[in-house]
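Only one structure is covered here, and it is reproduced in the block below.
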Amino acid sequence: MTQPKRGMDWKRALSTSLFVVLVALLAWYVYENRADMARLLALSAGDVTLMLALALGGCVMNCVYHRLILSTYHIPLDAVDWMGVTFVANAMAYVLPMRADLVFSAAYYKRTKGLAYVKSVSMAAGNIVFGVVFALAQMFVSLLLTGMLDGTWSGVLWLLWAVGTLAVAGFIAFSLLVQGRGARVLDRVKLLGDVVRGFNALLKNRWLLWRLLACLVVNNAVQLSLYMACFGAIGMPVTVYQALFYNSVSWIATVVSIVPGNIGIKEAVMGAATSLTGALFQNGVAVSLLQRVAVSYTHLRAHETGRNLVCRLLLEKKKDERTRRQVNTCRLYTSPSPRDYA
């Protein structure tokens with residue numbers, strides 16, 4: 001029991017240290033490029049309203065996506081369970097690293113609905129692979145349209161896409177081959193086991209797969225519009241297929257949450273993406289910050305409506321379980337009375 005705690009402390013300390021360094025570097029970069037970043041403070045009311053509305057729409061679609069996944073377990077759900085929990089989990093993702101939002105959601109459903117912790121985490125982890133495949137497909141369409149319509153064929157971007165596609169294809173092949181035959185490997189590496197089991201379960205459930213695909217299409221259309229609004233707000237309008245590329249890159253940059261919200265990492269990736277497409281690095285950083293503020297604001301504000309309900313239900317369930325455990329213990333150690341034999 002002592003060793004896992006040390007490991008967790010080490011991971012938390014490393015993530016916190018990296019978070020401080022990245023925030024400091026990001027603050028330094030913003031200060032050095034304050035002339036360009038000043039555009040973020042001169043946004044019109046119309047731009048702000050549009051970005052917040054699109055960010056809220058994306059948040060709602062994320063809740064719907066979450067609801068579809070939970071529907072496979074046939075557990076009773078109300079708005080607090082599938083929308084309130086998602087609001088709180090999304091807010092947690094901005095302040096806690098290592099996908100702590102998935103851990104919170106799994107703990108909530110285990111305590112309030114009796115859903116096995118492994119099932120919840122595995123399905124959520126498996127959906128990450130599905131999301132990466134979708135993002136790579138979007139990137140392919142974007143690069144193809146950019147070459148055909150603009151005459152720009154970036155060898156570096158195509159190479160990066162090919163490497164990502166081969167990596168995902170290798171993982172899919174591994175997950176299919178190891179199913180039923182590599183249980184020891186999956187048990188040894190818990191994270192890998194959760195992702196493989198969740199992804200394989202998703203492939204078997206065609207009903208869920210097609211509905212999640214439809215939900216992803218709608219959600220990405222909203223996110224696509226949000227990025228177009230962000231680029232337009234800083235005076236750099238982009239086409240639909242260019243925004244499609246930036247949206248895909250942004251999503252992939254946040255798959256593995258090393259630090260809370262991957263702050264600094266996502267901004268650097270977006271800056272590199274804009275540089276590779278012929279724009280300025282600082283434009284990518286500015287758009288990433290603008291999108292981050294819009295999305296995080298809606299998540300943090302929206303979760304306040306469900307935070308009290310979610311936390312209260314979680315605590316009440318914990319209290320009820322403790323009371324039930326005490327009653328069962330009393331019954332176990334209390335000798336029967338003569339009335340019991342009557």
Side-chain angles (χ1 to χ4, degrees), residues 58 61-62 64-66 68-69 86 89-90 93 97-103 105 120-144 156-179 186 189-206 208-224 226-227 241 243-259 261-262 265-270 272-273 276 288 291-292 295:
M61 288 307 303
N62 192 16
V64 175
Y65 190 91
H66 195 75
L68 287 173
I69 295 175
T86 306
N90 288 338
M98 304 301 178
R99 300 311 300 262
D101 52 324
L102 299 182
V103 177
S105 299
S120 182
V121 172
S122 296
M123 184 61 76
N127 274 276
I128 293 177
V129 180
F130 181 59
V132 172
V133 172
F134 189 84
L136 288 172
Q138 286 188 129
M139 192 179 297
F140 172 78
V141 173
S142 174
L143 293 176
L144 186 62
V156 176
L157 293 179
W158 277 105
L159 178 62
L160 292 175
W161 174 85
V163 171
T165 302
L166 288 175
V168 173
F171 173 83
I172 293 175
F174 169 77
S175 64
L176 295 176
L177 291 174
V178 80
Q179 185 178 12
L186 300 182
V189 185
K190 187 177 183 302
L191 178 60
L192 178 63
D194 290 339
V195 176
V196 169
R197 293 189 183 95
F199 181 69
N200 288 335
L202 179 62
L203 290 180
K204 294 178 181 178
N205 193 338
R206 298 298 176 86
L208 176 63
L209 191 63
W210 285 110
R211 281 160 177 77
L212 290 180
L213 179 60
C215 188
L216 269 179
V217 170
V218 176
N219 188 27
N220 276 268
V222 176
Q223 297 298 330
L224 184 68
L226 175 59
Y227 268 102
Y241 51 88
L244 190 67
F245 171 76
Y246 294 125
N247 181 41
S248 303
V249 171
S250 174
W251 195 92
I252 294 176
T254 57
V255 170
V256 180
S257 182
I258 302 174
V259 297
N262 266 7
I265 298 176
K266 178 187 170 186
E267 282 68 28
V269 171
M270 285 294 294
L276 290 173
S288 181
Q291 188 266 354
R292 179 186 295 277
V295 174

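G58 approaches V222 most closely through the heavy-atom pair N-CG1, 3.6 Å. Between I252 and A135, the shortest heavy-atom distance links the atoms CG1-CB, 3.9 Å. S248 approaches M139 most closely through the heavy-atom pair OG-N, 3.7 Å. Nearest approach of L68 to R211, heavy atoms of both residues: CD1-O, 3.7 Å. Across every non-hydrogen atom of L224 and A243, the tightest pair is CD1-C, 3.3 Å.
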Is there a side-chain contact (heavy atoms from CB on, under 4.5 Å) between Q223 and M61? Walk through the geometry before answering.
CA-CA 10 Å; Q223 297 298 330; M61 288 307 303; over 6 Å; no
If you apply the rule side-chain contact (heavy atoms from CB on, under 4.5 Å), what do you find for Y65 with T86, and how did you get there?
CA-CA 10 Å; Y65 190 91; T86 306; over 6 Å; no
Apply the test side-chain contact (heavy atoms from CB on, under 4.5 Å) to residues F130 and L203: give CA-CA distance (whole Å), side-chain angles for both, the deciding distance (0.1 Å), then the verdict.
CA-CA 9 Å; F130 181 59; L203 290 180; over 6 Å; no
Give the intermediate values and the outcome of side-chain contact (heavy atoms from CB on, under 4.5 Å) for residues I69 and L202.
CA-CA 9 Å; I69 295 175; L202 179 62; over 6 Å; no
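Screening T165, L166, I172 for a side chain to side chain contact (heavy atoms under 4.5 Å, CB included) with V168, the sole residue that qualifies is I172. F140 pairs with exactly one of Y241, F245, W158 by the ring-ring contact (aromatic ring centres under 6.0 Å, His included) rule, that one being W158.
In this structure, the ring of W251 has its center no less than 6.0 angstrom from the ring center of Y246.
One distance of note links CG of N247 with CE of M270; it measures 8.5 Å at 0.5 Å rounding. Atoms CG and CG, from L216 and N62 in turn, are 9.5 Å apart once rounded to the nearest 0.5 Å.
Note on ring orientation: taking the six-membered ring where Trp is involved, the planes of F171 and F174 are tilted (angle from 30° to 60°).
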